[in-house]
Amino acid sequence: MQPDLITVFGGTGFLGSRIVHELINAGHAVRIASRRAAVPSGLEQQARVEHCRADIRDDADVARAVEGAHGVVNAVSLYVEQSDLRFTTIHVEGARRLARAAHQAGLERVVQISGIGADRRSPSPYIRARAEGEDIAQREFPNAVIVRPSVLFGPGDAFLRNLAGLASLPVIPLFGRGTTRLQPVHVSDIARAIAQLSGNVPPAHPIYELGGPDILTYREILALVLDHRGRRRPLLPVPFAVWHALAGLAAVLPNPPLTRDQLYLMQQDNVAGTTTGSFADLGITPRSLETVLPDCLPTQ
Ligand SMILES: NC(=O)c1ccc[n+]([C@@H]2O[C@H](COP(=O)([O-])OP(=O)(O)OC[C@H]3O[C@@H](n4cnc5c(N)ncnc54)[C@H](OP(=O)(O)O)[C@@H]3O)[C@@H](O)[C@H]2O)c1
C-alpha cells in the first residue's frame, strides 16, 4: 500500500476536482478514476496526480482503481436517470462495488459522498438511492464515512448559474412560496473536509452533514443573486403540484430542465442536523455565500 495515495472516483467532476486540489495541498498523492481521462486545471504538471480510466459499473475497473491506495472517495454523480442508466446502478450498486473492492484490497478509508435529506422512505427514487448507497457502503466497509453536503456553490457551479439564468425573466416563478430553507456551502470547504476525512486520523463520526454558515430560504438566495446582478424582478409563488405536472411533461425530453426528483429535494429543508459530525468537529470555518458571491458569479 502507498500510505499517502487516495483514489478519487469522479475526481474530474465539480466537487471531485476540488477534492483532488485539497488532497494535493494536504500532501497526498492522488489517483483520479473516471470514464473520461482528465486532470483538474492547475494540476496538469503535478507529478503526484495520475489518472486511471475506470467505470464504477465495472468490477475489474474498480479493483484496479483502488489497488495500493490508502483510501478512496466516491464523488461519482448521476442526477437524471436515462433509459439505460438507473439511479440504483450508480448510487447503490456503484457504492457497493467500490466499498467491497476497498475492503478486499485492504484500504484504510472509504468516504462516500451523499447529500442532506437522503431517505429510504422518500417518494423520489434519487433520494431513496442515496440512502441505500450510504447503508450499503457502510455494510461493505464498516468504517466508511458518509459526507452529506447541502447545496454546493463555487466558481462554475450549476446552482448559482441557474438562479442567475432566472434573473433574465420578467417574472420569476418560485418553488411553492420559496420558503424552503437551504444551507449553501462552498465546494472548496466541503473538499477540504473530505480531504481531512480521507487522511490518517480516523473520522470521529460515521456521518457528517455539512452546510455553510448561513441558513437561507430559496427566496432569500434568489434576492442575493438578483441584487448581485443589479436586477429587480417580481417573484411569483407557484404551487409544487404545478411544478410536478410540468416536470412530468418535461420527462419525455432527452435532457429535461427540471425533474420530479429535484422538486422533491426542493420541497424539504436542506439543513445540516445536529446529531452528526460537523465542520466545527473538523476545525473548518466555512465561508458564506454572500461574502464570496462576487468570486463565483459574474455581475452580468
Ligand atoms: N453539486 C451539488 O450541489 C451537490 C450537493 C450535494 C451533494 N452532491 C454530491 O456530490 C457528488 C459529486 O457531485 P458533482 O456535482 O461534483 O458531480 P459532477 O460534476 O457531475 O461529477 C461527476 C463525476 O463522476 C464521474 N462519473 C460519472 N459516472 C461515472 C461512472 N459510471 N464511472 C466513473 N465515474 C463516473 C464523472 O466523470 P466521467 O463522466 O468522465 O466518468 C465526474 O468526474 C455526488 O455524489 C453528488 O450527489 C453534490
Side-chain angles (χ1 to χ4, degrees), residues 7-22 30-41 51-66 72-82 84-98 101 110-118 124 126-134 137 146-163 182-191 193-194 207-212 221 255 259 261-262 265-266 268 270-272 289 296:
T7 295
V8 182
F9 249 92
T12 56
F14 176 59
L15 174 57
S17 57
R18 270 41 170 229
I19 297 171
V20 175
H21 273 278
E22 293 296 331
V30 179
R31 181 184 294 150
I32 296 172
S34 63
R35 293 166 300 174
R36 279 173 293 251
V39 169
S41 74
H51 187 273
C52 166
R53 205 181 284 270
D55 190 319
I56 203 164
R57 293 170 291 180
D58 185 278
D59 286 340
D61 280 6
V62 171
R64 201 163 21 87
V66 300
V72 63
V73 177
N74 183 2
V76 171
S77 81
L78 177 69
Y79 292 115
V80 181
E81 282 190 323
Q82 290 141 30
D84 58 346
L85 187 54
R86 316 309 293 176
F87 289 134
T88 49
T89 308
I90 296 298
H91 295 305
V92 184
E93 294 309 321
R96 182 208 310 272
R97 187 171 293 108
L98 190 51
V110 168
V111 181
Q112 166 75 16
I113 301 169
S114 179
I116 290 178
S124 153
Y126 174 78
I127 297 172
R128 286 200 305 272
R130 300 317 315 250
E132 275 180 56
E134 293 183 356
I146 309 296
V147 174
R148 297 180 183 151
S150 186
V151 60
L152 301 179
F153 67 89
D157 75 67
F159 175 62
L160 292 175
R161 194 178 57 234
N162 289 341
L163 291 179
L182 308 171
Q183 203 172 353
V185 59
H186 196 284
V187 61
S188 293
D189 293 329
I190 292 289
I194 290 165
I207 300 178
Y208 286 76
E209 289 201 342
L210 302 176
I221 298 171
N255 291 308
T259 66
D261 295 294
Q262 289 163 336
L265 276 174
M266 275 307 297
Q268 302 279 338
N270 201 269
V271 171
L289 173 62
C296 301

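Start at 1 and go down the list; that is how both ligands and their atoms are numbered. Not measured: the values here are computed from a predicted model.
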**Prompt:** Taking N or O atoms only and a 3.5 Å limit, does G13 qualify as a polar contact for ligand 1?
**Reply:** yes

**Request:** Provide the full list of side chain to side chain donor-acceptor pair (under 3.5 Å) pairs with a residue in residues 146-158, sequence neighbours left out, each pair given once.
**Result:** E134-R148, R148-E209, S150-N270

**Prompt:** Applying a strict 4.0 Å limit to heavy atoms, is Y79 in contact with ligand 1?
**Reply:** yes

**Asked** For T259, does its backbone N or O pair with a side-chain atom of Q262 as donor and acceptor, under 3.5 Å?
**Response** yes

**Prompt:** Would you say A158 touches ligand 1, if touching means a heavy atom closer than 4.0 Å?
**Reply:** no

**Request:** Indicate yes or no for a side-chain donor-acceptor contact from R53 to the backbone of D61 under 3.5 Å, with no hydrogens or angles considered.
**Result:** no

**Request:** List the closest protein heavy-atom neighbour of atom 26 (N) of ligand 1: residue, atom name, distance to the nearest 0.1 Å.
**Result:** V76 CG1, 3.7 Å

**Prompt:** R35 to ligand 1: N or O pair under 3.5 Å?
**Reply:** yes

**Prompt:** Going by the atom numbers of ligand 1, which of them fall below 4.0 Å from some non-hydrogen atom of L15?
**Reply:** 10 (O), 16 (O)

**Prompt:** Which residue owns the protein heavy atom closest to atom 47 (O) of ligand 1, what's the atom, and how far is it?
**Reply:** R130 NH1, 2.5 Å

**Item:** Region of A38 that comes within reach of ligand 1 [heavy atoms, distance under 4.0 Å]
**Value:** neither

**Message:** I need the nearest protein heavy-atom contact for atom 23 (C) of ligand 1: residue, atom name and distance, please.
**Reply:** G10 CA, 3.6 Å

**Asked** Does R130 reach the main-chain N or O of Y126 with its side chain, forming a donor-acceptor pair under 3.5 Å?
**Response** no

**Item:** Exercise: identify the closest heavy-atom pair between A33 and T7
**Value:** CB-CG2, 4.2 Å

**Request:** Drop me the distance from H21's NE2 to S188's OG, to the nearest 0.5 angstrom.
**Result:** 8.5 Å

**Message:** Between ligand 1 and G115, is the shortest N or O to N or O distance under 3.5 Å?
**Reply:** no

**Message:** So, using ring-ring contact (aromatic ring centres under 6.0 Å, His included) as the criterion, who are the partners of Y208 when residues are at least two apart?
**Reply:** H205

**Request:** Calculate, to the nearest 0.5 Å, the distance between atoms CD and CG belonging to Q82 and N255 respectively.
**Result:** 8.0 Å

**Asked** In Å, rounded to the nearest 0.5 Å, how long is the span from CZ of R35 to OG1 of T12?
**Response** 8.5 Å

**Request:** Hey, could you give me the CG/CZ distance between D189 and R18, rounded to the nearest 0.5 Å?
**Result:** 12.0 Å

**Asked** So which heavy atom in the protein is nearest atom 3 (O) of ligand 1, and how far is it from that ligand atom?
**Response** L152 N, 3.1 Å

**Asked** Does even one non-hydrogen atom of H91 get within less than 4.0 Å of ligand 1?
**Response** no

**Asked** Mind checking whether D55 has an N or O less than 3.5 Å away from an N or O of ligand 1?
**Response** yes

**Fill in**
For Y126, the atoms of ligand 1 under 4.0 Å from one of its heavy atoms are 47 (O)

**Complete:** If you scan protein heavy atoms around atom 12 (C) of ligand 1, the nearest is A75 O, 3.4 Å

**Request:** Would you please determine whether I116 falls within less than 4.0 Å of ligand 1 on a heavy-atom basis?
**Result:** no

**Prompt:** For residues S114 and H91, is any side-chain donor paired with an opposing acceptor at under 3.5 Å?
**Reply:** no

**Message:** Tell me the contacting part of R148 for ligand 1: side chain, backbone, both, or neither, using a 4.0 Å heavy-atom threshold, strictly below.
**Reply:** neither

**Closest protein heavy atom to atom 11 (C) of ligand 1, given as residue, atom name and distance to 0.1 Å** = I113 CG2, 3.9 Å

**Asked** Which is closest to atom 6 (C) of ligand 1 in terms of heavy atoms, G156, S77, G16, S150?
**Response** S150

**P149 and H186, any side-chain heavy atoms less than 4.5 Å apart** = no

**Prompt:** side chain to side chain contact (heavy atoms under 4.5 Å, CB included) with N74: which of V111, I113, I56?
**Reply:** I56

**Fill in**
When distances are taken from atom 40 (O) of ligand 1, the protein heavy atom at minimum range is R36 N, 3.0 Å

**Item:** Element-labelled atoms of ligand 1 that are located less than 4.0 Å from some non-hydrogen atom of I90
**Value:** 31 (N)

**Asked** Looking at CZ of R31 and CZ of R64, how far apart are the two atoms once the value is rounded to the nearest 0.5 Å?
**Response** 9.5 Å

**Prompt:** By number and element, which atoms of ligand 1 are closer than 4.0 Å to a non-hydrogen atom of A54?
**Reply:** 32 (N), 33 (C)

**Request:** Please verify whether a non-hydrogen atom of S114 lies at under 4.0 Å from ligand 1.
**Result:** yes

**Asked** Tell me, which protein residue and heavy-atom name are nearest atom 37 (O) of ligand 1, and how many Å apart are they?
**Response** T12 OG1, 3.3 Å

**Prompt:** Does the N or O separation between A33 and ligand 1 drop below 3.5 Å for any pair?
**Reply:** no

**Item:** Euclidean distance, I116 CD1 relative to Q268 CD, rounded to 0.5 Å
**Value:** 12.5 Å

**Prompt:** Any N or O on F9 sitting closer than 3.5 Å to an N or O of ligand 1?
**Reply:** no

